[in-house]
Amino acid sequence: MKLNVNNLEGKEIADDYSRQAATRGRWGETWDIFKSNFGKIVLINILVLITFAPAVAIMVFRTMYIANLGAMYPFNSNTGLGYPYYPDVQGLAENIHLTADLLFYSLLVVAGFIASIGLAGGAYSVKKLLSTHGKFSFKSFFHGVKVCYFNTVLPVTIFMVFLVGTMLLGDWKDYVIAIGQSRHGPLTAYSFAIIGTVLVGIYCAWVFVVGVSYRVKIGQVFKNAFVLLIGSPIHTVFFAAFAMIPVWLYVIGSAVDIVRLISYIVFIFLGFSFMLLVWFSFTQWVLDMYVTPNIQKAQEEAQAAMSPKELAAHKQEEDKRVAMELLAAGKSELIGKPIKPIPDENTLTVISGPINRKSIGQVSAEREKLKDDVLSYENEHMSDPVYAEYHKLFAEREKALKTDGKKGKKKKLSTDNLLKK
């Protein structure tokens with residue numbers, strides 16, 4: 001399916017890094033990043049977890065509040081004559097849950113504003129890890145909060161409203177059934193609410209990805225998120241479920257104590273980072289299929305429309321850009337001169353039998369010939385723009401340097417001070 005996401009081209013949010021091509025497959029690269037940057041991933045998770053502290057506190061207070069009400073309400077009492085008194089408590093427990101959840105779940109939506117801080121910084125940091133093969137800094141985390149917060153809090157709030165509405169609908173369903181009314185309508189409404197919340201959650205996850213990945217207007221964020229969701233529905237559902245493994249552990253833990261303990265440990269050290277890593281690795285694969293090729297195609301079409309003179313000027317500018325990147329790395333003989341490509345076939349004879357003067361002389365002659373070929377290739381290509389521009393830039397830099405050292409003596413130039421003012 002051809003996706004129309006042209007308005008995302010060239011607008012990626014990558015302010016303090018440049019994307020590097022994956023040397024292996026997408027998931028092989030992700031696994032390598034996970035193994036070699038485990039400490040960074042744990043640190044990112046802890047930073048995100050801190051912003052979820054208000055939401056956790058709200059749920060803890062909710063549990064304590066309901067438990068206290070359960071202890072105070074007259075579910076049963078004694079008449080004082082030794083006979084227990086059973087008041088009419090039909091639906092009372094369900095009503096307690098409903099009234100308590102109206103308060104605490106509303107606060108949970110507000111806690112989402114704070115949690116979005118960690119999600120924005122964590123998403124930007126994980127995206128940088130995937131794009132640079134492991135680079136991370138505190139500065140990048142807080143820069144991600146700055147540039148991605150609005151596009152994070154919006155989908156988080158939308159999803160939280162639907163989630164809270166569904167949970168309250170579940171409380172209402174339990175209350176209606178407890179007081180003896182028909183259960184068919186509430187059960188049907190609750191089932192559709194769950195399905196709707198899941199679909200909205202997946203859509204909001206794509207809105208989150210597009211919002212923290214590209215600088216586009218909010219309307220384009222929602223539009224492109226919908227297009228990308230429709231374009232890869234099966235993959236999206238599968239990887240969304242896979243990314244939610246820490247959540248599944250927590251759900252299973254409600255019935256198995258040891259699994260609950262494992263889920264707590266996972267959430268403390270890896271839960272949020274794992275979900276972000278899997279989700280952004282998958283979504284970056286989708287974006288690379290539908291956005292990056294469009295950029296390359298546009299560049300190729302633009303070059304095809306150039307005149308020979310314009311094409312030569314473009315080539316010269318490209319060579320100059322490459323030379324500037326080499327300059328930033330420091331002058332080096334290794335990258336400052338042409339190197340003859342190594343041929344696929346062997347250029348030296350492999351001595352398989354007894355070593356004698358004839359075989360040694362043959363190998364020596366071949367080595368001399370290879371040395372002459374390398375030198376000839378170097379002399380032939382030394383005037384290529386990329387190498388000429390490279391040495392020219394260093395020569396200009398050398399002229400700009402002050403070579404007077406202490407006591408008026410001439411200071412020797414070297415690669416150590418070449419780029420220092």
Side-chain angles (χ1 to χ4, degrees), residues 8 11-20 29-30 33-34 36-59 108-160 163 201 204-218 221-222 224-225 239-240 243-247 266-284 287:
L8 299 179
K11 298 176 182 178
E12 186 172 2
I13 301 176
D15 299 333
D16 59 349
Y17 68 90
S18 297
R19 284 190 60 195
Q20 302 173 13
E29 191 77 17
T30 302
I33 291 171
F34 180 81
S36 57
N37 299 275
F38 188 78
K40 297 175 183 177
I41 291 173
V42 171
L43 180 58
I44 292 172
N45 189 78
I46 292 174
L47 291 173
V48 176
L49 183 63
I50 290 172
T51 62
F52 273 77
V56 174
I58 288 172
M59 296 306 294
L108 204 59
V109 175
V110 178
F113 297 164
I114 302 174
S116 297
I117 297 174
L119 290 175
Y124 187 85
S125 299
V126 167
K127 194 159 63 76
K128 183 176 179 179
L129 279 178
L130 292 169
S131 299
T132 60
H133 309 302
K135 292 183 180 179
F136 167 76
S137 65
F138 281 105
K139 185 177 180 181
S140 294
F141 182 90
F142 292 106
H143 179 74
V145 175
K146 178 182 177 182
V147 299
C148 302
Y149 177 75
F150 176 76
N151 287 342
T152 299
V153 72
L154 195 58
V156 168
T157 303
I158 293 174
F159 172 67
M160 288 303 300
L163 180 63
C204 286
W206 265 113
V207 173
F208 174 48
V209 168
V210 177
V212 302
S213 299
Y214 297 96
R215 282 191 175 91
V216 291
K217 294 180 179 179
I218 193 63
V221 170
F222 281 93
N224 285 294
F239 284 106
M244 297 289 284
I245 285 178
V247 176
V266 168
F267 263 107
I268 291 173
F269 293 102
L270 286 174
F272 297 107
S273 291
F274 176 84
M275 289 188 282
L276 290 172
L277 191 69
V278 171
W279 184 242
F280 273 88
S281 183
F282 158 67
T283 53
Q284 190 59 62
L287 293 171

Evaluation steps, side-chain contact (heavy atoms from CB on, under 4.5 Å), between Val126 and Trp279: CA-CA 10 Å; Val126 167; Trp279 184 242; over 6 Å; no
Whether Ser273 side chain and Leu270 backbone form a donor-acceptor pair below 3.5 Å: no
Minimum side-chain heavy-atom gap Arg215-Val147 below 4.5 Å: yes
Note, Ile158 side chain near Phe222 side chain (heavy atom, < 4.5 Å): yes
Worked check of ring-ring contact (aromatic ring centres under 6.0 Å, His included) between Phe208 and Phe280: CA-CA 10 Å; Phe208 174 48; Phe280 273 88; 5.7 Å; yes
Parallel, tilted or perpendicular, as decided by the 30° and 60° cut-offs, for the rings of Phe282 and Phe239: parallel
Minimum heavy-atom distance Gly118-Val48, with the two atoms named: O-CG2, 3.3 Å
Minimum-distance pair of heavy atoms, taken over all atoms of Ile268 and Asn45: O-ND2, 2.8 Å
Nearest-0.5 Å distance that lies between atom CG in Leu277 and atom CG in Asn37: 9.5 Å
Distance, nearest 0.5 Å, that separates CZ of Phe52 from CD1 of Ile114: 11.0 Å
Thr152 vs Val212 side-chain heavy atoms within contact, under 4.5 Å: yes
Derivation of the side-chain contact (heavy atoms from CB on, under 4.5 Å) call for Glu12 and Leu287: CA-CA 11 Å; Glu12 186 172 2; Leu287 293 171; over 6 Å; no
Point-to-point distance, once rounded to the nearest 0.5 Å, from OG of Ser140 to NZ of Lys135: 10.0 Å
Distance-minimising heavy-atom pair for Gly122 and Leu276: C-CD1, 3.8 Å
Check against side-chain contact (heavy atoms from CB on, under 4.5 Å), Gln284 and Leu130: CA-CA 9 Å; Gln284 190 59 62; Leu130 292 169; 5.6 Å; no
Interatomic distance, Thr283 atom OG1 to Lys127 atom NZ [nearest 0.5 angstrom]: 9.5 Å
Heavy-atom pair with the smallest gap, counting every atom of Ile44 and Ser125: CD1-CB, 3.7 Å
Parallel, tilted or perpendicular: rings of Phe138 and Phe142 (30°, 60°): parallel
Over all atoms of both residues, closest heavy-atom pair of Asn151 and Gly211: ND2-O, 3.0 Å
Pair His143-Tyr124, side-chain contact (heavy atoms from CB on, under 4.5 Å): steps then yes or no: CA-CA 8 Å; His143 179 74; Tyr124 187 85; 3.6 Å; yes
Interatomic spacing from SG in Cys148 to CD1 in Ile13 - rounded to 0.5 Å: 4.5 Å
Test item: Tyr149 side-chain N/O and Phe113 main-chain N/O as donor-acceptor pair under 3.5 Å: yes
Pair Lys146-Asp15, salt bridge (charged side-chain N to carboxylate O under 4.0 Å, His left out): steps then yes or no: CA-CA 11 Å; Lys146 178 182 177 182; Asp15 299 333; over 6 Å; no
Check: Leu108 and Met59 side chains under 4.5 Å, non-hydrogen atoms: yes
Close aromatic pair by centroid cut-off 6.0 Å: Phe267 and Phe272: yes
Phe274 vs Val266 side-chain heavy atoms within contact, under 4.5 Å: no
Close side-chain approach of Phe141 to Leu47, heavy-atom, < 4.5 Å: yes
Shortest non-hydrogen contact between Lys40 and Leu129, atoms and distance: CD-CD2, 4.3 Å
